[in-house]
Amino acid sequence: MPAKLNIGGKGPSGNGAFERPRASSVSIIRRLWRYLYRYKVLLIAAIMLSLVSNILALYGPKLSGYAVDALSGGPGKVDFDRVFYYARLMIVFYLISSGLSYLLAAIMVHLARNVVYSLRKDIYEHLMRLPVRFFDTHQAGDIISVLSYDVDTVSASLSNDLVQMLTSIVTVTGSFLMMLSISPKLILIFFVTIPASMIFTKYRSGKVRPLFRKRSIELGRLNGFAEEMTGGLRTIKAYGREDYFRDQFEEKNRDACEANYRADAFASMTGPAVNFINNFSLALVSMFGALLYMSGSISLGNVSSFVLYSRKFSGPINEFSNIVSELQSALAAAERAFMLLDEPMEEADAEDAGELTDVRGEVELSDIHFGYGEEDVLKGFSLRVEPGKVAAIVGPTGAGKTTVINLLMRFYDPESGSIRVDGRDIRHIRRQSLRKAYSMVLQDTWLFTGTVYENLAYGKEGVSLEEVRNAAKAARIDGFIRSLPKGYDTVLKDGGQNISKGQKQLLTIARAMLLDAPMLILDEATSNVDTSTEQSIQAAMLKLMEGRTCFVIAHRLSTIQNADIIAVLRGGRIVEQGRHKELMEKRGYYSELYKAQFDSSEALEST
């Protein structure tokens, strides 16, 4: 028995934030490494370039020391040939190192692009395999925030921070070895200052990462709110609620900015503190280096080289403290991306699940119990529909009408009871096969950015323009389409915002007609069509319903008078069942609903 959604309320809802136990930094880095390793040729090239570039750069201070020693012979004893020789070598080494560094940066940008492309592709493909309940409980804006902002944050870290980390590792290691070869005594200073830097950096990073995690969550909530409000802008203006939602946005914007400020401000404190420790180590090197020179234990050129190497050694450590802050932001973003990737996919089809073929359309729901939260929406729902018959499901708002449709399509599975199509339990039918057996026209019309032809042919591959036109004619929308600037090649943008809701509804009806599935679901299919237009397409709707098993959800009871069976839902149970005439003669709940609508219609007509 599937577990209930722990989201509360009477229907699917949620705050949109990804709230789950946090992963460790090591596990996140390990998962990012798998993406990097897909492009191992570029990764190996980047590592080799980093090694060669930094090794060449590391020879600079050594050559500088040789040049200083050549100058330290006193007046008239300076070997200018040696000085210029080492100076020329330094210039050549630094030029080659700079060129290789540029090539390294270009490769890392290319590598980051490939990794981010793969990551975003995996996330989107995973989204397509998630169950409907996930989208019922997460804000679209938060999901978009992961696909855009969080993935871009990972990209920036890979293309910039990873290069600096590679460079820092080579530079620190090489500088340490060079300093060790020059003076093992002076290097003892770093055995005090480096652990201090590492301990402080680790402490601060542990404090910073939760702040960056909070920043990503708040930005996701802000994006979710903005997406929701933008979609409902007409309603907001119609009700004059601009000030209210402006205040709501200001609050969420303030929370997001505060979270961003706290993360960046706290992270920015790490660099100056580590920089102080490193500068203190340079002061100690200069002081003890001078003492060793005065005692004759080290040459002036070696002191000069050691100071330069110590700067190279401490510089990356200081940079690394800044990189750590950026890495915490990237890790928090990658964590959200991986949390989305870890969301459980739609339950796999049963091993014995087969294809639904030669569909007759006999559907039987037996003793169905289902709820989104603690309380069941459907409580012992049972209904049998014979092949080719029309079943209408009516009832007050919240009675569970749309829930029945969700269960028929296996967007959700019942907690108990069974649903059978042609005698087969739908849990033993492949979901894709089951869903292809239905065509749907929903209350919420959905059109994508594309031509009218592409929108109508959406559910049927390889369909001809003539077939599309025939479906449009049947839906009484062909004339309107032909009046558009480019006819069937006219591009609909922003979900069809440039056409009316009624026209959008007619397009979705034509789409359903074109699919020609053996079973049909109409969920308030004419809710966005005026009464006159509704009457004009009744013949087309009846033609569409011919020979198909139909499930009709309608608030306008006048549209279902010819249904073969009407199931009246109330409180999650069928309280009445029969044909329109039979139910009217009973003078029960259905009769009350019908008369209430009839009286309301008469009152509106009289006004």
Side-chain angles (χ1 to χ4, degrees), residues 360-370 376-408 417-421 441-443 519-527 529-607:
R360 292 183 297 109
E362 180 186 2
V363 180
E364 183 175 4
L365 300 92
S366 302
D367 195 26
I368 299 297
H369 288 262
F370 176 79
D376 280 347
V377 176
L378 297 179
K379 307 168 184 178
F381 180 91
S382 296
L383 179 67
R384 184 176 181 275
V385 184
E386 295 179 358
K389 301 297 183 180
V390 177
I393 303 173
V394 301
T397 301
K401 301 184 296 296
T402 301
T403 298
V404 174
I405 303 305
N406 287 334
L407 296 177
L408 287 173
S418 65
I419 303 174
R420 295 179 178 275
V421 175
V441 180
L442 304 178
Q443 179 178 4
M519 295 185 289
L520 177 67
I521 292 174
L522 304 173
D523 186 355
E524 295 295 334
T526 58
S527 61
V529 180
D530 60 84
T531 304
S532 176
T533 305
E534 181 182 36
Q535 292 175 353
S536 71
I537 66 171
Q538 282 300 314
M541 293 292 291
L542 290 173
K543 184 177 180 181
L544 172 63
M545 296 163 70
E546 281 180 5
R548 293 179 173 85
T549 302
C550 302
F551 291 87
V552 181
I553 293 176
H555 282 143
R556 295 180 187 173
L557 302 185
S558 59
T559 64
I560 59 168
Q561 292 184 28
N562 296 321
D564 297 297
I565 182 171
I566 300 173
V568 185
L569 262 176
R570 190 178 188 183
R573 295 184 174 88
I574 294 180
V575 294
E576 291 180 338
Q577 186 172 313
R579 297 181 68 91
H580 172 75
K581 186 177 180 180
E582 297 170 356
L583 295 176
M584 290 299 292
E585 290 174 352
K586 286 183 178 180
R587 300 181 181 275
Y589 185 61
Y590 176 81
S591 177
E592 293 177 8
L593 288 176
Y594 186 84
K595 288 179 179 178
Q597 286 194 7
F598 185 77
D599 292 342
S600 297
S601 299
E602 283 191 337
L604 286 171
E605 289 176 3
S606 65
T607 58

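No experiment lies behind these values; they were computed from the predicted model shown.
Between Y590 and E582, the closest side-chain pair of non-hydrogen atoms is not below 4.5 Å. Put simply, the side chain of V390 reaches to within 4.5 Å of the side chain of V552, judged on heavy atoms. Residues L383 and Q577 have side chains in contact (heavy-atom distance under 4.5 Å, counting atoms from C-beta outward). Residues V421 and T549 are not in side-chain contact: their nearest non-hydrogen atoms beyond the backbone lie 4.5 Å or more apart. Residues F551 and V363 have side chains in contact (heavy-atom distance under 4.5 Å, counting atoms from C-beta outward). In this structure the side chain of M519 never reaches within 4.5 angstrom of the side chain of L408, judged on heavy atoms.
Nearest heavy atoms, Y589 versus E576: N-OE2, 3.0 Å. The two residues G578 and L583 have their closest heavy-atom pair at O-CD1, 3.7 Å. Closest approach of I565 and R384 over heavy atoms only: CD1-O, 4.2 Å. Taking all atoms of both residues into account, the shortest heavy-atom contact from G417 to I368 is C-CD1, 3.9 Å. In plain terms, the two heavy atoms of G571 and K379 that are nearest each other are O-CD, 3.6 Å. Of all non-hydrogen atoms in I553 and T402, the two that sit nearest each other are CD1-N, 3.9 Å.
Counting heavy atoms of neighbouring residues, nucleotides and ligands inside a 6.0 Å radius, atom CZ of R579 exceeds 12 of them. Taking a 6.0 Å sphere around CG of D367, one finds it holds more than 12 heavy atoms contributed by other residues, nucleotides or ligands. Environment of NZ in K389: sparse, with no more than 12 heavy atoms of neighbouring residues, nucleotides or ligands closer than 6.0 Å.
K586 NZ to K581 NZ: the interatomic distance, rounded to the nearest 0.5 Å, is 14.5 Å. Once rounded to the nearest 0.5 Å, the distance linking CG of L365 with CG of L407 reads 7.5 Å. Atom-to-atom distance recorded for D564:CG and I560:CD1 is 12.0 Å, nearest 0.5 angstrom.
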